[in-house]
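Lettering follows sequence order; numbering is per chain, from 1.
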There are 2 protein chains.
Amino acid sequence: MRLPPLNALRAFEAAARHQGFILAAEELCVTRGAISRQVKLLEDHLGVALFHRHVRGVALTTAGRQLQPVLSEAFQMMMRQVEQIAADAAELRVICPPTLSIRWLLPQLEAFRAAYPEISLRLTTDFYSNSGFAAADFDLGISLQNSRLARAETITVLPLFDMRLAPACAPALLPRLEAGPEALAQLRLLHESPRQSDWATWARHFGLRQLDVTRGEIFPNLDMATRAAVMGAGVVMADLVLCAEELARGDLVLPFPQMSCGTPEGAYALIGEAEKWHDPKVAAFRDWLLAGPCAAAQALLPA
Amino acid sequence: MRLPPLNALRAFEAAARHQGFILAAEELCVTRGAISRQVKLLEDHLGVALFHRHVRGVALTTAGRQLQPVLSEAFQMMMRQVEQIAADAAELRVICPPTLSIRWLLPQLEAFRAAYPEISLRLTTDFYSNSGFAAADFDLGISLQNSRLARAETITVLPLFDMRLAPACAPALLPRLEAGPEALAQLRLLHESPRQSDWATWARHFGLRQLDVTRGEIFPNLDMATRAAVMGAGVVMADLVLCAEELARGDLVLPFPQMSCGTPEGAYALIGEAEKWHDPKVAAFRDWLLAGPCAAAQALLPA
DNA sequence: TCCATGGATTAGTTTTCCTGATCCAATAAT
DNA sequence: ATTATTGGATCAGGAAAACTAATCCATGGA
């Protein structure tokens, strides 16, 4: 036997649930007649009466009572999954590490929301594991380039802007560094724990073997280390883009403006599943990132 | 959100299951174009791609992979229940006690099947409990009238023909009963266990206080008791209708033809749930019973 | 190079479905 | 008792959905 007309099943289900055709008609936005017709159609198809027609209203027959719960559950299953998928599809989920998020992405996000009001963007400010990216429910992630990810066939990686490091401190400390980089030994170094290698990278790049880059204070992320630097707590290894605001305002200054270097990771990158890369929402966000925030970031870096 | 067009869901489900539109089209008896269209419709409705379109064939997207199993299960649930109900509806299930079945109903059932080839009749030859009738899967039952059933609102009872009892024996025993009913004391009485009261009923009705109705042999049903009587094993309390064949053939004779009586139960009856009483199959069987087998049975009884 | 495959597309038609009006029977209200 | 209301059935006509058939397209294999 072939599955009967689906619309007839739906009409019956609604009628059975409401114990009447009028309410069912309202639910399905049709007239009583339409429900009556569909129910009869289904009854003809099955060769069984599903409703007893009473003077006032209807009552399910045995067959109707057997059919209704199954249909209700089946329709509900479909409904739930369809809604879930549509809701997922309407959302653009982005994950971005804390400092990058709070200092770069978040301040510009209102502009994106204004430009694309139809896209419901959900930002998660956190790190994520490499393995968890596909499994986790994110459409896009932002992070330092990761060679392991880049090698995966199903993952697309788009470099956004370079990471460029230079020491920065409060203006009050500037005199104590006039003697040159060696004077850094006299000041506290401010570290961010997830990337403690930054001072080492910079010192190696400029051949400062004497500098003990393990000294100083440790913060959970660059944001806090930077804020400590603003208070005069020491010298932070600043990311020129992420600390742009303090540098622009003069809250922080670069004691050695010519001495900035890149890192092994090289650049911040946008990463996402290849499958979703051309999704309209993903594409919109990607294009907006490149045209606005990334262009602005690159403009802050030495050529 | 409203449930998307059901036909689109079905088209997608088939396409996903077959991993291609052509096979889906065959399954649903439509063209490729129709499937293509419906799938696109669903994708537009959800705002998500469900298939990756490759050069050759299609592959499910993440969203598609999430949707398919749910739809498949939901459709299968519906399908199963609908088939179950349609199959149940196509069948007419009748339950009839053993002797009545084998001696009266079954021999005439071929005529019913010939007259109504579209009705698939399933006869269960057994007793059934009163309480179990509605719960058990029978459309109609035949039994002796039962006051308890008759009182239930949801059960309809239709008397079929009277039960009428008279002693019967093989012709060879007839001489030993010429003296009259008192001579029964010299012969073995044959009982059927489920209705052992028959001899008592008859003896009481005709004032035969001396007759010990507990003597004799016991059989599980009247059919066997009757066959024993044909072999000359004794005298059976015959139901005039159920033993009609033996009486007509002369295998059994009535030693006291004028001495027949009814029983407290009175009559055989057709019983069924009121709800199903006007179902076409039930009505057909009912009408056929009254016009044929019942009329024939009543014709055998004294007026 | 040419064919076969598998899907996309589109115009036009068929089928389905719905509306809106009317009917009906019985109960509740007057 | 009469009237209004309720809840469903029915039907003709028209809107909407779905399908067909033909064509197109890109590619991979003979």
Check: B/L158 and B/L289 side chains under 4.5 Å, non-hydrogen atoms:
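Contact flag for B/L289/B/L158 side chains = no.
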Contact check, side chains of A/F75 and A/L9, non-hydrogen atoms, under 4.5 Å
yes
Tell me, yes or no, whether the heavy-atom count around B/R122 atom CZ, taken from other residues, nucleotides or ligands under 6.0 Å, exceeds 12.
no
Length of the line joining [X]:[atom1] and [N]:[atom2], which is rounded to integer Å:
| X | N | atom1 | atom2 | value |
| --- | --- | --- | --- | --- |
| B/L42 | C/dA8 | CG | P | 14 Å |
| A/H52 | D/dG8 | NE2 | P | 15 Å |
| A/R10 | D/dA17 | CZ | P | 12 Å |

According to the salt bridge (Lys or Arg N to Asp or Glu O under 4.0 Å) rule, which pairs have a member within residues 11-22 of chain B, sequence neighbours left out?
B/E13-B/R17, B/R17-B/E27
DNA chain D contacts among residues 53-72 of chain B, heavy-atom distance under 4.0 Å:
B/V55, B/R56
Side-chain ([X]) to main-chain ([Y]) donor-acceptor, under 3.5 angstrom:
| X | Y | value |
| --- | --- | --- |
| A/K281 | A/R93 | no |
| A/T61 | A/A49 | yes |
| A/R286 | A/L140 | no |

Between protein and nucleotides 10-19 of chain C, map the contacts as a letter string: B base, S sugar-phosphate only, - none, heavy atoms under 4.0 Å, written 5' to 3'.
-------SBB
Kindly give the heavy-atom pair with the smallest separation between B/H54 and B/A59, and that separation in Å.
CE1-CB, 3.8 Å
